[in-house]
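If you scroll down you'll find the structure; I have some questions about it.
What you are looking at is a predicted structure, and each value in this text was computed from that prediction instead of being measured. Along the sequence shown, residues are numbered consecutively beginning with 1.
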Amino acid sequence: MKIAVVGTGYVGLVVGACFAENGNDVVCVDSNVDKVKGLKRGKIPIYEPGLEEVVKRNASEKRLSFTTDLAAAVKASTIIFIAVGTPEAEDGSADLKHVLGVARDVARAMDGYKVIVDKSTVPVGTSEKVREVMRKETSHPFSVVSNPEFLKQGAAVDDFLKPDRVVIGADDARGAQLMTELYAPFTRTGAPIMVMDCASAELCKYAANAMLATRISFMNEVARVCELYGANVDQVRRAVASDNRIGPSFLFPGVGYGGSCFPKDVKAILKFSRDKGYDFKILEAVEDVNAQQKKKLLQMMKQRLRSLKGKTIGVWGLAFKPRTDDMREAPAITIIEGLLKAGATVQAYDPEAHDAARRIFGNRITYARTAYDALKNADALALVTEWNEFREPDFARMKKRMKAPVIFDGRNIYKPEAIAAQGFTYYSIGR
């Protein structure tokens, strides 16, 4: 099929590359001239495992191209995906100005029937707003479809090529049929294509992310109770996860969730629920617990080290999760800002997120070349993001680099008894 994807951010670039990977002709559109020039040269603006290879392969085979010319891309395509940003407004709502602006420009460029797909995470009712905007600008027929993405950063390419499910919100049969045909090759292993009304599809992404955020905050609350009673949250988690009604996913305690989805989507569902007069109490608690959990590691350090003033703290991990360079709403931001405010010196290392961190902290912290460099004369290590390379380090080498062998593990990746045997003083969450 002939496809246009408007927006070359995290979602748009993955969507465009993966549709091209399956043999479709895809043109990705962005208003940022420098970004498009870079993409044409093979420069990928985000870190996502496997994405660079897919982009370069399909660009070289002429199935994937990049342009700033939206009108030409619309005319050349049957299906147009809108994958632009929906930044969070001050009241927690999603700002739809970019989505509606693209819809307006698409309508003005149309020369026949098109399917307009909301791929950005948008609140319930957005599809109708898109229809209203487009009806004012064109007399050509079109379908508006909601097609929420369920991509995990760090595994987005695999998630798209081998989805758990595909959700299609459509209010007319023609649009639903074209979208079903488009996704059929991705679901040959039996993953369902779920066709529903647009409002239900729009709510799916928010409900899913809110549920996952709830599981994280719930387990962090359990960890706090474990600390009060001397219980071990690892044992509790394993027992709970073995119940097949619950399962093990998203039950790991830590320093809270971050990223581009969970915080924004929880705020958005709270906002559009309030707009209809409903107070979503569970999610209010989820958000509050998460905000407090981001401060947990800092509180532990203040309590155990007494004063942080003049202390040097090595920080392992800046991104909000492994296998990404994304620092949006990352717990590391709260922790590092707290350390700096308390008078500590921060030496940080992350395999991919140094550039993102520089945009946040500037020269207020030191960016270490290696994980071990971050420990030079450190009074303690704060482990914030569970990158694989942190799981089995050389503990003897760590001790030689550090002023004091103290670890604050915000992800519970080490066994307390094993760390103690290495001669470290060790603190973790809920154990």
Worksheet entry | Within 6.0 angstrom of F218 CZ, more than 12 heavy atoms from elsewhere |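 No, CZ of F218 has 12 or fewer neighbouring heavy atoms, counting only those of other groups under 6.0 Å.
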Worksheet item: Are F250 and Y257 near enough that their ring centres are under 6.0 Å apart?
Response: no
Response to the item:
Distance col, row M211:CE vs R215:CZ, nearest 0.5 angstrom, shows 8.0 Å
Worksheet item: Is there side-chain contact between Q153 and R323, with at least one heavy-atom pair below 4.5 Å?
Response: no
Fill in: Minimum heavy-atom distance R391-P393, with the two atoms named
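For R391 and P393, the tightest heavy-atom pair comes out as C-CD, 3.4 Å.
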Discussion item. Check this for me, if you would: do E337 and K341 make a salt bridge, where the nitrogen-to-carboxylate-oxygen distance has to be below 4.0 angstrom?
Written reply: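 Salt bridge absent between E337 and K341.
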Worksheet entry | For E53, all residues meeting salt bridge (Lys or Arg N to Asp or Glu O under 4.0 Å), sequence neighbours excluded | none
Worksheet item: For atom NZ of K129, is the number of surrounding heavy atoms from other residues, nucleotides or ligands below 6.0 Å larger than 12?
Response: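 It does not: K129 NZ has 12 such atoms or fewer within range.
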Worksheet item: Taking it one step at a time, do D326 and Y47 satisfy side chain to side chain donor-acceptor pair (under 3.5 Å)?
Response: CA-CA 8 Å; D326 196 341; Y47 173 73; over 6 Å; no
Worksheet entry | Ring-face cation of R274 near F280 (centre distance under 6.0 Å, axis angle within 45°) | no
Discussion item. Whether the side chain of T67 engages the backbone of D69 through a donor-acceptor N/O pair (distance < 3.5 Å, no angle test) should be reported.
Written reply: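 Pair found, side chain donor or acceptor close to backbone of D69.
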Discussion item. Check whether Y426 reaches the backbone of A418 with its side chain - one donor and one acceptor, N or O, closer than 3.5 Å.
Written reply: no
Response to the item:
Residues V133 and L100: closest non-hydrogen pair is CG1-O, 3.8 Å
Discussion item. Return the CD1 to OG1 distance between I193 and T187, rounded to the nearest 0.5 Å.
Written reply: 3.5 Å
Worksheet item: Yes or no on side-chain contact (heavy atoms from CB on, under 4.5 Å) for L182 and I3, after CA distance, side-chain angles and deciding distance?
Response: CA-CA 10 Å; L182 177 63; I3 298 169; 3.6 Å; yes
Worksheet item: Between R401 and D373, does at least one N-O distance fall below 4.0 Å, as a salt bridge requires?
Response: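 So R401 pairs with D373 through a salt bridge.
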Discussion item. Between D30 and T68 (side chain of the first, backbone of the second, donor and acceptor by atom type, cut-off under 3.5 Å), is there such a pair?
Written reply: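 No, because the side chain of D30 does not come within donor-acceptor range (under 3.5 Å) of the backbone of T68.
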Discussion item. Looking at I282, I want to see if its CD1 is surrounded by more than 12 non-hydrogen atoms of other residues, nucleotides or ligands under 6.0 Å.
Written reply: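 No, the 6.0 Å shell around CD1 holds no more than 12 heavy atoms from other groups.
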Fill in: Closest contact, heavy atoms only, F142 versus M110
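Of all heavy-atom pairs spanning F142 and M110, the closest is CB-CE, 3.7 Å.
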Fill in: Donor-acceptor contact below 3.5 Å, side chain S120 vs main chain V122
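Checked: no pair found.
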Worksheet item: Below 4.5 Å, heavy atoms only, C-beta onward: do I413 and L383 meet side chain to side chain?
Response: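 They are in side-chain contact.
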Practice prompt. Side-chain contact test, heavy atoms from C-beta onward, threshold under 4.5 Å: evaluate it for I419 versus T425 and give yes or no.
Written response: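 Result no, sub-4.5 Å side-chain heavy-atom pair not found.
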Worksheet item: Which atom names give the shortest non-hydrogen contact between V266 and L283, and what distance separates them?
Response: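 The pair with the smallest heavy-atom distance is CG1-O, 4.1 Å.
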Item to complete: Please assess L297 against D409 for the test side-chain contact (heavy atoms from CB on, under 4.5 Å), listing each intermediate value before the final yes or no.
Response: CA-CA 8 Å; L297 209 63; D409 183 356; over 6 Å; no
Discussion item. As a quick check of understanding, evaluate side-chain contact (heavy atoms from CB on, under 4.5 Å) for V145 and C198, giving each step before the final call.
Written reply: CA-CA 7 Å; V145 171; C198 286; 5.9 Å; no
Worksheet item: Can you check whether S307's main-chain N or O pairs, donor with acceptor, with K311's side chain at less than 3.5 Å?
Response: yes
Fill in: Non-hydrogen atoms of G12 and A83 that approach each other most closely
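The answer is CA-CB, 3.7 Å.
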Fill in: Polar side-chain atom of K2 near backbone of V26 as donor-acceptor pair, under 3.5 Å
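No; zero donor-acceptor contacts below 3.5 Å.
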Worksheet item: Are the charged groups of R359 and D355 less than 4.0 angstrom apart, N to O?
Response: no
Worksheet entry | Interatomic distance, L298 atom CG to F408 atom CZ [nearest 0.5 angstrom] |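 It is 10.0 Å, given to the nearest 0.5 Å.
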Item to complete: Flag the pair Q347 / I313 as yes when at least one side-chain heavy-atom distance between them is below 4.5 Å, and no otherwise.
Response: no
Discussion item. Looking at K294 and E329, is any side-chain nitrogen of the basic one under 4.0 Å from a carboxylate oxygen of the acidic one?
Written reply: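 Judged by the 4.0 Å cut-off on N to carboxylate O distance, E329 and K294 do form a salt bridge.
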Worksheet item: Taking NZ, NE, NH1 and NH2 as the nitrogens, is one of them in R131 or E128 under 4.0 Å from a carboxylate oxygen of the other?
Response: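 Salt bridge between R131 and E128, a charged N being under 4.0 Å from a carboxylate O: yes.
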Worksheet item: Is the backbone N or O of G154 less than 3.5 Å from a side-chain atom of E48, with the two atoms forming a donor-acceptor pair by type?
Response: yes
Item to complete: Determine, for E417 against R431, whether the closest basic-nitrogen to carboxylate-oxygen distance falls under 4.0 angstrom.
Response: no
Fill in: Sub-4.5 Å side-chain heavy-atom contact between R411 and V255
yes
Practice prompt. Verify, without hydrogens or angle tests, whether T385 (side chain) and W387 (backbone) share a donor-acceptor contact under 3.5 angstrom.
Written response: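 Looks like no, no N/O pair under 3.5 Å.
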Worksheet item: Is it the case that E202 and S127 place a side-chain donor and acceptor less than 3.5 Å from each other?
Response: yes
Fill in: Value rounded to 0.5 Å, distance of OG1 in T126 from CZ in F272
9.0 Å
Worksheet item: So, do V14 and L151 sit near enough that their side-chain heavy atoms are less than 4.5 Å apart?
Response: yes
Discussion item. Could you check whether F81 and F19 have their ring centres less than 6.0 Å apart?
Written reply: yes
Worksheet item: Hey, would you say the Y206 and F262 ring centroids sit under 6.0 Å apart?
Response: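 Aromatic pair excluded; centres sit 6.0 Å or further apart.
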Discussion item. Tell me whether S217 contacts the main-chain N or O of V286 through its side chain, where contact means a donor paired with an acceptor under 3.5 Å.
Written reply: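 Here the side-chain-to-backbone pair exists.
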Practice prompt. Would you check if K119 and V15 make a side-chain contact, meaning some heavy-atom pair closer than 4.5 Å?
Written response: yes
Practice prompt. List for me each residue that meets salt bridge (Lys or Arg N to Asp or Glu O under 4.0 Å) alongside R237, sequence neighbours excluded, and say none if there are none.
Written response: none
Discussion item. Is it the case that over 12 heavy atoms from other parts of the model lie below 6.0 angstrom from the NZ atom of K271?
Written reply: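 Yes, the 6.0 Å shell around NZ holds more than 12 heavy atoms from other groups.
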Worksheet item: Is it true that E149 and K205 have a side-chain N and a carboxylate O under 4.0 angstrom from each other?
Response: yes
Item to complete: State whether D159 and K152 are salt-bridged, where the test is any N-O pair (Lys NZ or Arg NE/NH1/NH2 against Asp/Glu carboxylate O) under 4.0 Å.
Response: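 Answer for the salt bridge query: yes.
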Worksheet item: Going through the checks in order, is the ring-ring contact (aromatic ring centres under 6.0 Å, His included) test met by F395 and Y414?
Response: CA-CA 11 Å; F395 289 106; Y414 304 132; 5.4 Å; yes
Practice prompt. Please report the C-alpha distance between D95 and T86 in whole Å, then the side-chain angles of each, then the deciding distance to 0.1 Å, and finally whether the side-chain contact (heavy atoms from CB on, under 4.5 Å) criterion is met.
Written response: CA-CA 5 Å; D95 188 341; T86 54; over 6 Å; no
Practice prompt. Measure the OG1-CG distance between T312 and L375 for me, rounded to the nearest 0.5 Å.
Written response: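 Going from OG1 on T312 over to CG on L375, the span is 11.5 Å.
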Discussion item. Nearest 0.5 angstrom please: R41 CZ to F66 CZ, how far?
Written reply: 12.5 Å
Worksheet entry | Axial cation check for Y349 ring with R369, 6.0 Å and 45° limits |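 No, cation not above the ring by the 6.0 Å, 45° rule.
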Fill in: E352 side-chain N/O to D325 backbone N/O, donor-acceptor pair under 3.5 Å
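No; zero donor-acceptor contacts below 3.5 Å.
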Worksheet item: Is there side-chain contact between K162 and F186, with heavy atoms separated by less than 4.5 Å?
Response: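 No, side chains not in contact.
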Worksheet item: Quick one: is the NZ or CZ of R328 closer than 6.0 Å to the six-membered ring centre of F320, and within 45° of its axis?
Response: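 Judged by the rule (NZ or CZ under 6.0 Å from the ring centre, within 45° of its axis), R328 is not positioned above F320.
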Discussion item. To check you understand the geometry: which heavy-atom pair defines the closest contact between N58 and A17, and what is its length?
Written reply: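 So the two residues come closest at ND2-O, 3.9 Å.
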